[in-house]
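Contents: one structure, followed by commentary.
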There are 2 protein chains.
Amino acid sequence: MLDPHLDRPLFRQLADALRDQIITGQLTPGSAVPSIKALEHRYGVSRETIRRALAALRVEGLVVAERGYGTRVVDEQPREQVKVPRGARVRSRMPTEAERAELGIEPGAVVPVLVVTLGGRVRGVYAADRVELTFS
Amino acid sequence: MLDPHLDRPLFRQLADALRDQIITGQLTPGSAVPSIKALEHRYGVSRETIRRALAALRVEGLVVAERGYGTRVVDEQPREQVKVPRGARVRSRMPTEAERAELGIEPGAVVPVLVVTLGGRVRGVYAADRVELTFS
DNA sequence: GGACATTTGTACGTATGTATC
DNA sequence: CGATACATACGTACAAATGTC
């Protein structure tokens, strides 16, 4: 399955394989990703390789890890519609630690924030996986 | 400086220290972050701990790593102003690999994308570190 | 509550590959 | 070509959180 001789790093090959399983529905939202130990046996690579592959998927926002429990495919939540006033400007970036805490972004989840400003003043900071901005 | 007995993991303490140096201007945009070896000596922790700290800062979009050269503090670019039409909706998420390639997001950089849709159809996908949406 | 197995998190060591200077 | 610097990948050990019996 994984080929150390390919140009692509092993952990990326593994991430590709798992991503494919998520996209094709073999791993469904909310379901558990096989444990690190299981993946070690399944793919014959070391723990670090597994962990880096899972870390890459976390960065893509596809999975979240929970200590003592396991890693699961993210279950998309219904999004709140947030109205953006005229004249506003919108940026997106990664949150600071303080923002993570305030917005309740789970440790291990990689979620951008949407920042709405009006006249240079911040009007709102939103976790990007829970809102959709509307311009109307 | 770093204290293994604190509740906070070493690599996060180190990330905090480096982030502080960036925010306070001791490490200026575009300047080099000390090399992994230098940081090993400076803080007395292992290479992996250093790398995880730097990885955390990359996830925050504060630094980028360049193989064979080093790690440097990101230099914020002037942002293109993109007008959003009435009725549009905007989401933000992490890019797919294909989008990364298309938008020219460097490997190792953690940059969200802004997705503008109108009537359910995608009108634009932008690298979040290079644009600001305006609604007027 | 306590004991235990499972699972992820953290942290160290070591070796090799690859790109830049 | 050599030195430097980051990337990948193996191994090991212990800590911390969770669930089960």
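A, B, ... follow the sequence lines: proteins, then strands. Residue 1 opens every chain.
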Selection from [options] that lies nearest to any side-chain heavy atom of [X]:
| X | options | result |
| --- | --- | --- |
| A:Tyr69 | C:dG13, D:dT8, D:dT18 | D:dT18 |
| A:Glu48 | C:dT8, D:dC10, C:dC12 | D:dC10 |
| A:Ser46 | D:dA7, C:dT8, D:dG11 | D:dG11 |

For the pair made of [atom1] in [X] and [atom2] in [N], what is the distance, rounded to whole Å?
| X | N | atom1 | atom2 | answer |
| --- | --- | --- | --- | --- |
| A:Leu14 | D:dT8 | CG | P | 14 Å |
| A:His5 | D:dT8 | NE2 | P | 18 Å |
| A:His41 | D:dC10 | NE2 | P | 14 Å |
| A:Arg12 | C:dG17 | CZ | P | 20 Å |
| B:Tyr43 | C:dC12 | OH | P | 15 Å |
| A:Leu6 | D:dA7 | CG | C1' | 17 Å |
| B:Arg51 | D:dA9 | CZ | P | 11 Å |
| A:Leu10 | C:dT16 | CG | C1' | 13 Å |

Distance-only polar pair, side chains of A:Gln26 and A:Thr24, donor-acceptor under 3.5 Å: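 Checked: A:Gln26/A:Thr24 side chains pair up, N/O donor to acceptor below 3.5 Å.
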
Map B:Glu66 and A:Val45 onto DNA chain D by nearest heavy atom, then report which one ends up closer to the 5' terminus.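 Final value for this comparison: B:Glu66.
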
When the nearest nucleotide of DNA chain D is assigned to A:Phe11 and to B:Ile36 on a heavy-atom basis, which residue is associated with the more 5' position?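 It is B:Ile36 whose nearest nucleotide is closer to the 5' end.
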
Earlier contact from the 5' end, DNA chain C, for A:Asp7 and B:Ile50: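 In this pair, the answer is B:Ile50.
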
Looking at [X], I'd like to know whether one of its side-chain N or O atoms comes within less than 4.0 Å of OP1 or OP2 on [N].
| X | N | result |
| --- | --- | --- |
| B:Ser35 | D:dT4 | no |
| A:Arg47 | D:dC10 | no |
| A:Thr49 | D:dT8 | no |

Beyond-backbone contact of B:Arg58 with B:Val63, side-chain heavy atoms, under 4.5 angstrom: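 In contact.
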
Residue pair B:Val113 / B:Arg93, side-chain heavy-atom distance below 4.5 Å: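 Side-chain contact under 4.5 Å: yes.
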
State whether the distance check finds a donor on one side and an acceptor on the other, under 3.5 Å, for side chain B:Arg52 versus base C:dG9.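 Under the 3.5 Å cut-off, the side chain and the base do not form any donor-acceptor pair.
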
Same cluster or not: A:Val73 versus A:Val64, using hydrophobic residues (I, L, V, M, F, W, Y) connected whenever any side-chain heavy atoms lie under 4.5 Å apart?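 No, no single cluster joins them.
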
Give me the one residue out of B:Leu10, B:Leu18, B:Leu39 that meets side-chain contact (heavy atoms from CB on, under 4.5 Å) with B:Ile50.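 The side-chain contact (heavy atoms from CB on, under 4.5 Å) with B:Ile50 is passed solely by B:Leu39 among B:Leu10, B:Leu18, B:Leu39.
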
